[in-house]
Amino acid sequence: MIKTKNLTKVFTTEDVQTTALKNVNVEVQEGEFVAIMGPSGCGKSTFLHISGMLDNPTDGEFYFMDEEVSKYSEKTRAKLRKGNIGFVFQSFNLIDELTVFENIELPLLYLGVSASERKRRVNETLEQLELMPRKNHFPQQISGGQQQRVAVARALIADPKLILADEPTGNLDSTHGDEVMKLLVDLNEKGTTVVMVTHSPAYADYANRVIHLFDGHVVSENLKDNYNPHMRPLYQKAG
């Protein structure tokens with residue numbers, strides 16, 4: 001699903017150049033749950049932004065679903081993102097003026113889904129994430145854990161192939177953080193590929209594979225025992 005070859009990203013200002021990523025070679029298979037770890041400033045979020053086609057690399061190659069996209073225009077990247085990638089951010093990024101229902105519905109509006117189909121899919125997702133009693137509330141009227149569940153619901157409403165999560169538990173207490181992690185695991189077990197940036201070894205342990213970055217380089221990878229990244233989730237094999 002994702003493949004990089006000698007991926008490099010350099011940020012340049014008037015006075016200084018900062019290398020966020022240097023010759024990164026990473027491959028994420030369809031159906032994996034991968035955690036990206038490392039100290040602050042090591043390039044984790046930069047890698048995630050390039051993976052989500054929110055930014056282009058300075059050098060190297062980036063493949064999404066076997067398509068080399070690193071030199072694509074923003075307009076072309078936006079078309080690829082729609083319906084293929086869902087984002088979950090630490091800060092939730094919900095729109096305060098929209099209700100829970102309307103925040104979740106937003107990606108479907110961008111995709112041109114009919115009103116009746118939007119209503120059906122949003123209500124189904126609200127039920128799935130136990131948010132139906134909060135559907136007409138505004139973000140500031142619900143808890144942090146509920147806000148992050150709304151953010152996850154918004155990310156998955158378009159049935160994306162890939163979820164990119166940047167510190168999704170960073171603003172949550174342990175109870176609500178565990179809820180969000182179990183939700184991501186459930187989505188992964190149903191076939192969605194998940195790539196998550198985290199500082200927490202405990203939350204990284206939910207993933208099938210952990211990639212460690214340091215100073216823009218991949219320094220190690222850890223696989224769970226008996227895990228084969230080329231295998232689909234068990235439910236798909238049974239089907």
Of Val194, Val28, Ile2, the residue whose pairing with Leu162 passes side-chain contact (heavy atoms from CB on, under 4.5 Å): Ile2
Kindly check if the number of other-residue, nucleotide or ligand heavy atoms within 6.0 Å of NZ (Lys75) is above 12? no
CG/Asp96: more than 12 non-hydrogen atoms of other groups inside 6.0 Å: yes
Name the residue from Asn6, Leu21, Leu7 that meets the side-chain contact (heavy atoms from CB on, under 4.5 Å) definition with Pro57. Leu7
Tyr63 versus Thr4: any side-chain heavy-atom pair under 4.5 Å? no
Take Glu221 and Arg209 through the salt bridge (charged side-chain N to carboxylate O under 4.0 Å, His left out) test and state the conclusion after the steps. CA-CA 7 Å; Glu221 292 190 35; Arg209 181 160 57 108; 2.6 Å; yes
Minimum side-chain heavy-atom gap Phe33-Leu184 below 4.5 Å: yes
Quick check for you: to the nearest 0.5 Å, what is the distance between Leu98 atom CG and Glu105 atom CD? 9.0 Å
Kindly indicate, with the supporting measurements, whether the criterion salt bridge (charged side-chain N to carboxylate O under 4.0 Å, His left out) is fulfilled by Asp186 and Lys190. CA-CA 6 Å; Asp186 182 58; Lys190 291 176 179 176; 3.2 Å; yes
Does Val16 reach the side chain of Thr13, with side-chain heavy atoms less than 4.5 Å apart? yes
Going by atom types only, do His199 and Glu167 share a side-chain donor-acceptor pair under 3.5 Å? yes
With no hydrogens and no angle check, just 3.5 Å: does a side-chain donor-acceptor pair link Lys135 and Asn123? yes
Polar contact flag, side-chain donor to acceptor under 3.5 angstrom, Ser70-Glu68: yes
Salt-bridge contact Lys182-Glu179 (side-chain N to carboxylate O under 4.0 Å): no
Gap between atom CD of Glu30 and atom CD of Glu32 - 0.5 Å precision: 10.5 Å
Would you call the rings of Phe87 and Phe89 parallel, tilted or perpendicular, taking 30° and 60° as the class edges? parallel
Using side-chain heavy atoms (C-beta onward) and a distance below 4.5 Å, is Pro139 in contact with Asn103? yes
Side chain to side chain, Glu130 and Arg149, heavy atoms closer than 4.5 Å: yes
Nearest heavy-atom pair of Glu97 and Phe138: which atoms, and what distance? O-CE2, 3.3 Å
Is the shortest heavy-atom distance from the side chain of Gln148 to the side chain of Val88 under 4.5 Å? yes
Looking only at the side chains, is there a donor atom on one of Asn136 and Thr99 sitting less than 3.5 Å from an acceptor on the other? no
With distance as the sole criterion, is a donor-acceptor pair present between the side chains of Asn56 and Arg77 under 3.5 Å? yes
Are any non-hydrogen side-chain atoms of Leu156 and Leu187 less than 4.5 angstrom apart? yes
Should the heavy atoms of other residues, nucleotides or ligands under 6.0 Å from CZ of Phe11 be counted, would the total exceed 12? yes
Identify the two heavy atoms, one from Val34 and one from Ile211, that lie closest to each other, and give their separation to 0.1 Å. CG1-CD1, 3.8 Å
Side chains of Glu27 and Gln29: do they bring a donor and an acceptor to under 3.5 Å? yes
If we only count heavy atoms from C-beta on, is the Leu164 to Ser51 side-chain gap below 4.5 Å? yes
